[in-house]
Amino acid sequence: MAEETLFKVTIDNITVEVPAGTTILQAARKIGGEVTPPAMCYYSKLQGSGGKCRTCLVEVSKGSEKDPRPMPKLVASCRTTVMDGMEVKNVTSPRVQEARAGVVEFLLINHPLDCPICDQAGECHLQDLSYEHGKEGSRYEFQKRTFKKVDLGEYIQLHMTRCILCYRCVFAADQISPKREHGVLDRGDHAQIATFIQKNLHNEFIGNVIDVCPVGALTDKTFRFKNRVWFTKPVNAHRHCDKCCGEVQLWLRGDEVFRVTARKDEWGEVKEASNGKTGWICNDCRFEKKNLADWVIEGPTNVNRHSVIAQNKYVGLVKPTETFPAIMKGRNPKLLMDIHSVSEVNKPNIHLSQLERPAHSTDFNQ
Amino acid sequence: MGVKLLLAKAHIEGIRSYDVYRREGGYQAVEKALKTMSPDAVVEEVKKSGLRGRGGAGFPTGMKWSFIAKPEGVPRHLVCNADESEPGTFKDRYLMEHIPHLLIEGLIVSSFALGSNNTYIYIRGEYAWIVDILEKAIEEAKQNGWLGNNILGTGFDCNIYVQRGAGAYICGEETALLESLEGKRGNPRIKPPFPAIKGVWDRPTVVNNVETLAAVVPIINLGGEEYAKIGVGRSTGTKLISACGNINKPGVYEIDMTISVEEFIYSEEYCGGIKNGKRLKACIPGGSSVPILPANLLLKTAKGETRYMNYESLSDGGFATGSMMGSGGFIVFDEDQCVVRHTYTLARFYRHESCGQCSPCREGTGWMEKILLRLENGHGKMSDIDLLWDIQSKIEGNTICPLGDAAAWPVAAAIRHFRDEFEWHVLHPNEAQVRNFGLAHYADPLQVPAGA
């Protein structure tokens, strides 16, 4: 291709130049931060994904330099390409915020909200989404739709009740594994991800559907209920693998490997490998290599400070100054009651993250 | 008597067979178009006629045809949308069942105009017997040299194939139809690209309704300008209306869009008045997706003008006090019908037919159905009405395809015009189980049919 034409696009009053053919969402990701619309179904590495969840809706207040008319409807930013001079409103548009809150409510009415027992909790996109864009309660007063749990072979469990039908796993199986054996059956709110008739999913790259699932609908059976993700420590590691890139993230507790996943970028998508190839990993690396000796550790993964996974990972770092003593001349505010002195349960002196195994009641009885 | 173009010969004995149809002047449009006109001239003629899509949206057909991309070496396709699944609409069924050759003739002319050598009729699976009728008609046309290679020695090749759907309302949406035609799951595609650029198998495609394509025949026979003289304003030509509900003579009527709604309902020529001498309560003038109108707004617009059966007049006043022509499914309600129950029925339909691709429609339609069922059964709360309004406003416009809108509009219109009936259901839960709210102020005070 000859010289690339650059389009100027303004998102929430921030202007960025992107090549023609870029989507609004990709342009917003280039800016980063708050102006990036959330995306539940779009996955930049999966062709054809996106447009379904409607969480990335944005308002186009000016179509382009040539045709400055605004678009009448909110558009899905993941599938709308930018035009030169386009002006987009995301966080600055009350209409978008309202519609997005609506979508979050819709997504949650049939979601079981069983986060306390869900393995995805802590790295769940739906949790982030509802925390950031949802309202505090739901107005839904009816029974939620439920499905039975299904075992898709020895590695993957499907818990359809949690699914938000983003179709990512369908695209993933279609595009990165040799053969797709599952898809969407039925339609409407009784649509489900399923194999027909109950088949096992086993081909070499099928484990990646767990990584692309934004919620806890597809879970790793070798990790289920073993640990909460925020108690494990992610480290980057690699091994020589002739099927995949072999570059993974290990989730450790002490020197026990609890889980192996592909490396993810800041948008929760699988990163490209260092040799420029795709970062998808094979089932062998993901499910079978659970010994530390199998891997060469590169170092800790950089975890976003705001993630719950970062909790307790920064012990020993300089803490920010306490505001209260600073403005109260060294005194602390008087508490009505010190919860730690009256509670038998809460023991702040015990650091759970320093335990090398799951916490046990005996740990609190010291 | 209004002008009849499509159904003028529908009642001739044996018109379904080729011989009778040809004897009655059939396939003249093909002869005229292929022998004396260029494809562009046909498109031009359709443009001049002002024909608007009869499937519901009312988009000018000539304009749609001129949008089709014409890249070198890529075949183009015409697809006929016979997936008529809108509750209340059965005009295409009537047309295909009684006068199938009219559709085939329209298809040949349109295929010639668009350069489509392989044309498809996507028909809903429930119309199983019509598939046989159409296939027989295609076979007869082929034997008589109207289809196949080198038609009439002009060098134009055309084949028509009938493809059955599997019974999904969503496959009437043009991109879902194309997906289904390709053999995939019928999920609507995200536009753009529009089918005119990338349609079936990524080739430029035009999707048109059965009635639209059939109307091409009289346009060629009469000439576009002559056709445009029928009707009024931008509503040109004739329109098939499938009337049903509480009327004396339900059925398919061809109107020339100059008669008033009142005349259509009460005249002997058309619906013949409300059944059992009852009074008119409400009406859905264009198929289940369009807003319902109470009688007083149906017969007269908000400005007090008479409402006519055409695109402009029916949508006069926007959604606040108007409705839409839609696909022409004219559903009439008498004073004994319950709007809450009716709205629930529609909500159930849209919940069942939502493809489940985008979240507002997938989750919202089910939620609305549950709330409406609760209201109908007398367990509702006052806040449910506002909640329904809020849900529909969050579905409308936020989905990939118009099914979300189609699910939201009937609910919105029912609450807009019949809020007092919803409230009555909440306040009188027991009474609502045994009797209907009645007519109240939205009943038609002007028209008292004889015998009432």
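Just so we're on the same page: letters track the sequence lines, and every chain starts at 1.
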Starting at [atom1] of [X], measure out to [atom2] of [Y] and round the result to the nearest 0.5 Å.
X	Y	atom1	atom2	answer
B/Lys370	A/Ile109	NZ	CD1	6.5 Å
A/Phe106	B/Thr365	CZ	OG1	9.0 Å
B/Lys191	A/Arg79	NZ	CZ	13.5 Å
A/Cys166	B/Gln357	SG	CD	12.0 Å
B/Cys355	A/Leu165	SG	CG	10.0 Å

In sequence, state the C-alpha distance, the side-chain angles, and the governing distance for A/Leu57 and B/Asn398, and then conclude on side chain to side chain contact (heavy atoms under 4.5 Å, CB included).
CA-CA 8 Å; A/Leu57 289 175; B/Asn398 292 342; 3.8 Å; yes
What part of [X] gets closer than 4.5 Å to chain B, counting heavy atoms only: side chain, backbone, both or neither?
X	result
A/Leu185	backbone
A/Gln143	backbone
A/Phe142	side chain
A/Val75	neither

Should we say atom [atom1] of [X] is surrounded by more than 12 heavy atoms from elsewhere, each under 6.0 Å from it?
X	atom1	result
A/Glu34	CD	no
A/Arg145	CZ	yes
B/Arg419	CZ	yes
A/Met83	CE	no
B/Lys198	NZ	no
A/Lys144	NZ	yes

Check ion pair [X]-[Y] (N to O, under 4.0 angstrom):
X	Y	value
A/Glu98	B/Lys394	yes
A/Glu141	B/Lys381	yes
A/Arg139	B/Asp386	no

Test A/Leu107 against B/Glu363 for side chain to side chain contact (heavy atoms under 4.5 Å, CB included), laying out the working first.
CA-CA 7 Å; A/Leu107 284 175; B/Glu363 309 290 355; 5.5 Å; no
So which atom in [X] and which in [Y] form the shortest heavy-atom distance, rounded to 0.1 Å?
X	Y	value
A/Val103	B/Ser359	CG1-OG, 4.0 Å
B/His352	A/Arg187	O-NE, 2.9 Å
A/Gly51	B/Ile400	O-CD1, 3.2 Å
A/Lys73	B/Asp405	NZ-OD2, 3.6 Å

Heavy-atom cut-off 4.5 Å, strictly under: side chain, backbone, both or neither for [X] against chain A?
X	answer
B/Arg374	side chain
B/Ile371	both
B/Glu353	both

For the interface with chain A, which of B/Ala168, B/Pro360, B/Gly186 has the highest count of heavy-atom pairs at distances below 4.5 Å?
B/Pro360
Between B/Arg185 (side chain only) and A/Asp186 (backbone N and O only), is there a donor and an acceptor less than 3.5 Å apart?
yes
